[in-house]
There are 2 protein chains.
Amino acid sequence: MPHDAPGGDVFVAIASPVRRALLDTLRQGPVPVRDLAAGFSISRPAVSQHLRVLRLADLVSESWVGREHQYRLNPGPLQDVRAWVTGYEQFWKDRLVGLRDLLDSGR
Amino acid sequence: MPHDAPGGDVFVAIASPVRRALLDTLRQGPVPVRDLAAGFSISRPAVSQHLRVLRLADLVSESWVGREHQYRLNPGPLQDVRAWVTGYEQFWKDRLVGLRDLLDSGR
DNA sequence: ACTATACGTAAGCAATACCTTACCTGTCAA
DNA sequence: TTGACAGGTAAGGTATTGCTTACGTATAGT
């Protein structure tokens with residue numbers, strides 16, 4: 001069983017543009033919810049709910065600093081995505097080789 | 001504007017395990033719908049509907065051989081996914097460097 | 001011409017996703 | 001202690017997804 005064991009599906013988590021944008025923002029370091037929500041037109045509770053999805057997918061972790069909830073990026077589960085996509089690189093290469101062979105044979 | 005211009009979102013398309021499995025199957029070459037559907041417990045129309053999503057995301061192309069509809073893998077749009085995920089590799093590397101520095105300084 | 005095969009699409013339905021408002025707890029500051 | 005701030009969660013509505021069955025169209029075989 002891959003990274004997303006607890007219950008969240010990484011592929012589902014990153015399917016939402018909002019959640020991808022949240023992750024992108026978190027690349028600059030831990031950010032409190034207030035600052036995260038500031039970048040979106042949706043309500044703060046909506047952001048909290050997106051963060052929940054990311055948390056269940058283990059893509060972010062939460063820590064408490066006073067009354068602020070800092071969210072921190074945890075890119076680990078993205079390796080599953082990367083691994084899956086990478087499987088298609090070979091397919092591309094094979095196709096390119098096939099094309100080259102075709103061109104060669106037609107020469 | 002990325003690969004998925006026509007209307008389909010690649011990230012959404014690959015969020016479904018069924019659709020990922022369909023793509024995986026297509027790596028072995030063009031396959032008619034009948035053979036694709038054989039690998040799943042859902043109905044054939046359901047598979048057709050998943051294929052529609054993949055088609056809108058430009059992840060597959062369709063060709064007609066007699067009464068068979070051959071589906072062919074087009075991994076191009078996956079580059080968008082790959083590109084996005086790759087952005088997080090640097091994050092990982094930075095974190096590892098930071099960890100090494102921390103370990104070094106504590107030595 | 002008739003029948004079977006291959007497949008898309010429409011209609012209908014249950015489940016889920018996503019948003020909002022309202023409310024709650026916990027923390028800081030005066 | 002009282003009020004403001006930070007943020008999770010519940011409730012409820014609407015939109016979308018994902019499936020099924022039923023049906024329509026095109027091709028292949030007899």
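From a predicted model like this one, the values you see are computed outputs, not experimental measurements.
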Review point. Rounded to the Å, how far apart are B:D9 CG and C:dC18 P?
Key: 12 Å

Review point. Going hydrophobic residue to hydrophobic residue with side-chain gaps under 4.5 angstrom, can you get from A:V53 over to A:V81?
Key: no

Practice item. Take atom CD of B:Q70 and atom P of C:dC7, then tell me their distance rounded to the nearest Å. Key: 8 Å

Point to revise | First of A:V65 and A:P45 reached from the 5' end of DNA chain C, by closest nucleotide | key: A:P45

**Study point:** Which atom of B:Y71 lies closest to which atom of B:L36, heavy atoms considered
**Key:** CB-CD1, 4.3 Å

Revision key, fill the gap. Among D:dG8, C:dC19, C:dG8, the one nearest any side-chain atom of A:E62 is D:dG8

Check your understanding: Ignoring hydrogens and angles, are the base of D:dG7 and the side chain of A:R52 linked by a donor-acceptor pair under 3.5 Å?
Key -> no

Check your understanding: Counting only distance, no hydrogens or angles, is the base of D:dG8 paired donor-acceptor with the side chain of A:R44 under 3.5 Å?
Key -> yes

Check your understanding: OP1 or OP2 of C:dC18 sitting under 4.0 Å from any side-chain N/O of A:H50?
Key -> no

Point to revise | N/O (side chain, B:Y71) to phosphate O (OP1/OP2, C:dG8) under 4.0 Å | key: yes

Review point. Is A:L54 linked to B:V12 within one hydrophobic cluster, defined over Ile, Leu, Val, Met, Phe, Trp and Tyr using a side-chain heavy-atom separation of less than 4.5 Å?
Key: no

Review point. What heavy-atom pair brings B:V85 and A:L78 nearest, and what distance separates the two atoms?
Key: CG1-O, 3.9 Å

Study note, to complete from the structure: Atom CZ of A:R67 and atom P of D:dA4 are separated, to the nearest Å, by 12 Å

Practice item. Just compare C:dA10, C:dC18, C:dT20 and give me whichever is closest to any side-chain atom of B:Q49. Key: C:dA10

Exercise for review: Write down the atom of A:A15, the atom of A:R20, and the distance for their closest heavy-atom approach.
Suggested key: O-NH1, 3.4 Å

Revision key, fill the gap. Whole-Å distance, B:D35 CG to C:dT5 P, equals 15 Å

Revision key, fill the gap. Separation of C:dT27 atom P from A:E68 atom CD, nearest Å, is 13 Å

Exercise for review: Report the distance from atom CZ of A:F40 to atom P of D:dG7, rounded to the nearest whole Å.
Suggested key: 15 Å

Point to revise | Residue A:R34, side-chain atoms from C-beta onward, closest of C:dC19, D:dG7, C:dT9 | key: D:dG7

Check your understanding: Checking all strands, does A:P32 fall into the base, sugar-phosphate, or nothing category for heavy-atom contacts under 4.0 angstrom?
Key -> sugar-phosphate

Point to revise | Integer-rounded Å distance: D:dG18 C1' and B:I42 CD1 | key: 8 Å

Exercise for review: Please check the phosphate of C:dC19 (OP1 and OP2 only) for any side-chain N or O of A:S43 closer than 4.0 Å.
Suggested key: no

Check your understanding: Would you say a side-chain N or O of A:S48 is under 4.0 Å from OP1 or OP2 of D:dG8?
Key -> yes

Exercise for review: Starting at atom CG of A:L51, determine the distance to atom P of C:dA17, rounded to an integer number of angstrom.
Suggested key: 17 Å

